[in-house]
Structures are given as structure tokens and as C-alpha cells.
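Here the structure comes first, spelled out in C-alpha cells, and everything after it is commentary.
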Amino acid sequence: MRWHPGQDREYRQVAASLTYHHPGWWVMWSYSLRMWVAFFLGPATVAPLRCANPDRLSRQMRHVTRTVASGRSP
């Protein structure tokens with residue numbers, strides 16, 4: 001059976017949920033990497049975060065957001 005994007009619907013829903021719960025971030029499910037990728041939309045330059053575990057990614061996103069808010073470099 002061949003793979004098609006519809007099979008990853010749950011992963012895309014998790015990405016949408018992460019985006020919703022983390023203002024200032026945009027999260028996508030990467031079909032090719034098989035992990036979520038988070039892009040910071042704020043004023044600081046932050047390399048995209050990548051993680052196969054959505055809970056760990058969420059913690060990383062919160063850490064970067066706190067770091068940027070405190071004026072430190074991420």
C-alpha cells in the first residue's frame with residue numbers, strides 16, 4: 001500500500017493544536033522528516049525547532065518564548 005498525505009491527518013491536527021496553543025509560533029508536520037517543525041514568528045531570530053515528540057516540542061517552544069521575553073538570546 002502506498003503512502004499518501006491523508007494518512008498523516010492526526011499528525012497535522014497535532015501541529016494545528018500546537019500552533020493554536022503557542023501564539024507566536026507556526027507548527028507543521030513534516031512528511032519527509034516524520035516530525036513536527038516549529039517556526040518562531042516573533043522579533044528574535046530563532047532556528048526552527050524539530051522534534052518527533054509533540055510534548056517535548058511544546059516544552060522547547062515555551063522555553064524559547066520565555067528566553068526571548070527575558071531579553072536573552074535563544
Side-chain angles (χ1 to χ4, degrees):
M1 184 171 153
R2 290 176 33 166
W3 173 87
H4 63 84
Q7 292 172 293
D8 283 355
R9 181 169 300 160
E10 291 176 32
Y11 298 107
R12 289 181 309 183
Q13 290 173 339
V14 169
S17 178
L18 286 167
T19 299
Y20 177 80
H21 291 291
H22 292 277
W25 289 87
W26 178 66
V27 181
M28 63 173 273
W29 169 250
S30 173
Y31 301 112
S32 59
L33 296 174
R34 306 303 298 166
M35 62 179 52
W36 289 274
V37 182
F39 299 91
F40 185 65
L41 304 175
T45 301
V46 176
L49 304 177
R50 299 187 298 183
C51 193
N53 179 305
D55 294 326
R56 183 178 300 159
L57 180 61
S58 182
R59 287 192 301 272
Q60 291 174 351
M61 292 162 65
R62 282 194 302 273
H63 173 74
V64 169
T65 300
R66 284 192 308 268
T67 301
V68 169
S70 71
R72 297 188 315 255
S73 177

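Because only heavy atoms are used, hydrogens play no part in the values below, and waters and symmetry mates are left out as well, while side chains stay in.
- Phe39 and Tyr31 sit in two unconnected hydrophobic clusters of ILVMFWY residues. Membership requires side-chain heavy atoms under 4.5 Å apart, directly or through other members.
- Summarising the geometry, atom CZ belonging to Arg62 is positioned 11.0 Å from atom NE2 belonging to His21; distances are rounded to the nearest 0.5 Å.
- With a 6.0 Å radius and a threshold of 12 heavy atoms from other residues, nucleotides or ligands, Arg34 has its CZ atom above the threshold.
- A single hydrophobic cluster is seen to contain both Leu33 and Trp26, as judged by linkage of ILVMFWY side chains at heavy-atom distances under 4.5 Å, directly or through other members.
- Within 6.0 Å of atom CZ in Arg50, 12 or fewer heavy atoms from other residues, nucleotides or ligands are found, so the atom counts as exposed in its surroundings.
- For the pair Asp8 and Trp29, the minimum side-chain heavy-atom distance is below 4.5 Å.
- For the pair Trp36 (side chain) and Tyr11 (backbone), a donor-acceptor distance under 3.5 Å is present.
- Hydrophobic clustering (side-chain heavy atoms under 4.5 Å, transitive across Ile, Leu, Val, Met, Phe, Trp, Tyr) keeps Val37 apart from Leu57.
- Between the side chain of Asn53 and the main chain of Arg56, a donor-acceptor pair closer than 3.5 Å is present.
- Met35 and Leu18 fall into different hydrophobic clusters, where Ile, Leu, Val, Met, Phe, Trp and Tyr are joined by side-chain heavy atoms under 4.5 Å apart, directly or via other members.
- A donor-acceptor pair under 3.5 Å links the side-chain atoms of Thr19 to the main chain of Val27, judged by distance alone.
- At a cut-off of 3.5 Å, with distance as the only test, a side-chain donor of His22 or Ser58 sits close to an acceptor on the other residue.
- Phe40 places a side-chain heavy atom less than 4.5 Å from the side chain of Val68.
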